[in-house]
Amino acid sequence: MNSIRERILQTLMATLQNVASNQGATLMRSPTTPVSREQSPALLLVAESDQVSDRPNDRVQRQLVLRLTAVARDQADMAGQTIDANAIADQLLVAAHLALFANKTVDGLALGLQELDCDWQEEDADADLCAMPVRYQITYRTLACDISQLG
């Protein structure tokens, strides 16, 4: 059986797959190579950390921090007008945010979800590239002796 952490990540991937498909984007979990032009726009899900925040009795409360990054490049629309990469990335993050908060308990695996922060990055080497990372914290509880069991 997978850990609660892994089950949360798998559930989020399924949720975000629908978002990515609807937005014409690619979804990747913890990519190890840069996003190519062909894969853009893209939504990247990376687990940053998982910390113990409390140990009540035989339970452990944990804080899973995730980074969700929208990567986009300037695109031309049907009329030949340029759509700014920032606008594309922002639309992707709006859709992802709505989907995440529509299921704050991640199908009953989590106690809660909160947004931590957002950052804007533009790549000097690629003027039409934008990467917008947003970090979320998911609080969940396991048994102290078994991280695959809800606590």
Side-chain angles (χ1 to χ4, degrees), residues 1-53 60-142 146-148 150:
M1 166 136 343
N2 287 330
S3 68
I4 300 299
R5 173 183 49 241
E6 178 59 25
R7 289 166 42 203
I8 289 170
L9 290 167
Q10 288 176 3
T11 302
L12 293 177
M13 284 296 290
T15 298
L16 294 171
Q17 184 59 57
N18 291 332
V19 171
S21 294
N22 292 339
Q23 297 287 321
T26 304
L27 176 64
M28 292 180 240
R29 179 175 168 188
S30 302
T32 57
T33 59
V35 176
S36 69
R37 284 193 177 277
E38 295 74 30
Q39 294 171 312
S40 175
L43 197 54
L44 316 177
L45 178 64
V46 176
E48 282 191 354
S49 66
D50 189 24
Q51 297 180 346
V52 172
S53 63
V60 177
Q61 186 163 303
R62 300 171 185 276
Q63 307 291 338
L64 176 61
V65 176
L66 307 170
R67 184 176 66 247
L68 187 61
T69 305
V71 177
R73 290 180 168 80
D74 291 348
Q75 293 180 356
D77 65 11
M78 300 297 272
Q81 300 294 319
T82 300
I83 304 171
D84 182 64
N86 288 291
I88 296 167
D90 186 65
Q91 290 171 3
L92 190 52
L93 285 181
V94 167
H97 187 87
L98 285 168
L100 291 175
F101 277 90
N103 186 9
K104 292 188 283 192
T105 64
V106 192
D107 291 349
L109 295 170
L111 300 172
L113 166 72
Q114 69 180 29
E115 182 180 10
L116 297 178
D117 55 28
C118 182
D119 193 10
W120 288 268
Q121 302 171 357
E122 290 192 25
E123 203 50 55
D124 290 337
D126 194 346
D128 67 347
L129 175 69
C130 170
M132 266 186 214
V134 179
R135 292 183 332 123
Y136 293 93
Q137 178 178 286
I138 296 175
T139 302
Y140 69 103
R141 193 175 290 159
T142 66
D146 188 352
I147 62 172
S148 70
L150 288 171

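Just so you know, these numbers use all the heavy atoms, side chains as well, and skip hydrogens, waters and symmetry mates. For this chain, numbers begin at 1 and follow the sequence in order.
Applying the ring-ring contact (aromatic ring centres under 6.0 Å, His included) test to every pair with at least one member in residues 7-38, sequence neighbours left out, gives no pairs at all. A ring-ring contact (aromatic ring centres under 6.0 Å, His included) check over residues 18-46, counting only residues at least two apart or in different chains, returns nothing. Residue pairs meeting the salt bridge (Lys or Arg N to Asp or Glu O under 4.0 Å) criterion with at least one member in residues 15-33, sequence neighbours excluded, are Glu6-Arg29. The list of ring-ring contact (aromatic ring centres under 6.0 Å, His included) pairs with a residue in residues 70-114, not counting sequence neighbours, reads His97-Phe101, His97-Tyr136. Residue pairs meeting the ring-ring contact (aromatic ring centres under 6.0 Å, His included) criterion with at least one member in residues 4-49, sequence neighbours excluded, do not occur.
Of all the heavy atoms in Gly108 and Leu150, the pair that sits closest is O-CD1, 3.9 Å. Nearest heavy atoms, Leu93 versus Ala70: CG-CB, 3.7 Å. Of all the heavy atoms in Ala47 and Leu66, the pair that sits closest is CA-CD2, 3.8 Å. Closest of all the heavy-atom pairs between Val35 and Ser40 is CG1-N, 4.2 Å. Of all the heavy atoms in Ala85 and Cys130, the pair that sits closest is CB-CB, 3.7 Å. The minimum heavy-atom distance between Val19 and Ala96, with the atom names listed, is CG1-N, 3.7 Å.
With sequence neighbours left out, the side-chain contact (heavy atoms from CB on, under 4.5 Å) criterion links Ala79 to Asp77, Gln81. Residues passing the salt bridge (Lys or Arg N to Asp or Glu O under 4.0 Å) test with Arg7: none are found, sequence neighbours excluded. Legend: residues meeting side chain to side chain donor-acceptor pair (under 3.5 Å) with Glu48, ordered by chain and number and at least two apart, are Arg67, Arg135. For Ser36, the side-chain contact (heavy atoms from CB on, under 4.5 Å) criterion is met by Glu38, Gln39, not counting sequence neighbours. Every side chain to side chain donor-acceptor pair (under 3.5 Å) that Ser21 has, sequence neighbours left out, goes to Gln17. Legend: residues meeting side-chain contact (heavy atoms from CB on, under 4.5 Å) with Asp107, ordered by chain and number and at least two apart, are Thr11, Asn103. Take Arg5 and apply the side-chain contact (heavy atoms from CB on, under 4.5 Å) test, not counting sequence neighbours, and it matches Ser3, Leu9, Asp50, Leu64, Tyr140, Ile147.
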Could you walk me through whether Val71 and Leu44 pass the side-chain contact (heavy atoms from CB on, under 4.5 Å) test, one step at a time? CA-CA 8 Å; Val71 177; Leu44 316 177; 3.8 Å; yes
Decide side-chain contact (heavy atoms from CB on, under 4.5 Å) for Val60 and Arg141; before the verdict, give the C-alpha distance in whole Å, the side-chain angles of both, and the deciding distance to 0.1 Å. CA-CA 6 Å; Val60 177; Arg141 193 175 290 159; 5.9 Å; no
Could you walk me through whether Gln137 and Gln63 pass side chain to side chain donor-acceptor pair (under 3.5 Å), step by step? CA-CA 6 Å; Gln137 178 178 286; Gln63 307 291 338; 2.7 Å; yes
When you look at Leu116 and Val65, which way does the side-chain contact (heavy atoms from CB on, under 4.5 Å) test go after all the steps? CA-CA 9 Å; Leu116 297 178; Val65 176; 4.0 Å; yes
Please lay out, stage by stage, how Gln10 and Asn2 fare under the test side-chain contact (heavy atoms from CB on, under 4.5 Å). CA-CA 10 Å; Gln10 288 176 3; Asn2 287 330; 3.4 Å; yes
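By the 4.5 Å heavy-atom criterion applied to side chains, Leu109 and Thr105 are not counted as neighbours. No side-chain heavy atom of Thr82 sits less than 4.5 Å from a side-chain heavy atom of Gln75. Looking only at side-chain heavy atoms (C-beta outward), Ile83 and Asp74 stay at 4.5 Å or farther from each other.
Expressed to the nearest 0.5 Å, how far CD1 of Ile138 lies from CD1 of Ile4 amounts to 12.5 Å. Rounding to the nearest 0.5 Å places CE of Met28 at 11.0 Å from OG1 of Thr69.
Using modelled atom types, one finds no donor on one side chain facing an acceptor on the other under 3.5 Å when comparing Arg62 with Ser53.
A donor-acceptor pair is defined here as one N or O able to donate and one able to accept, closer than 3.5 Å; no such pair exists between the side chain of Asp90 and the backbone of Asn86.
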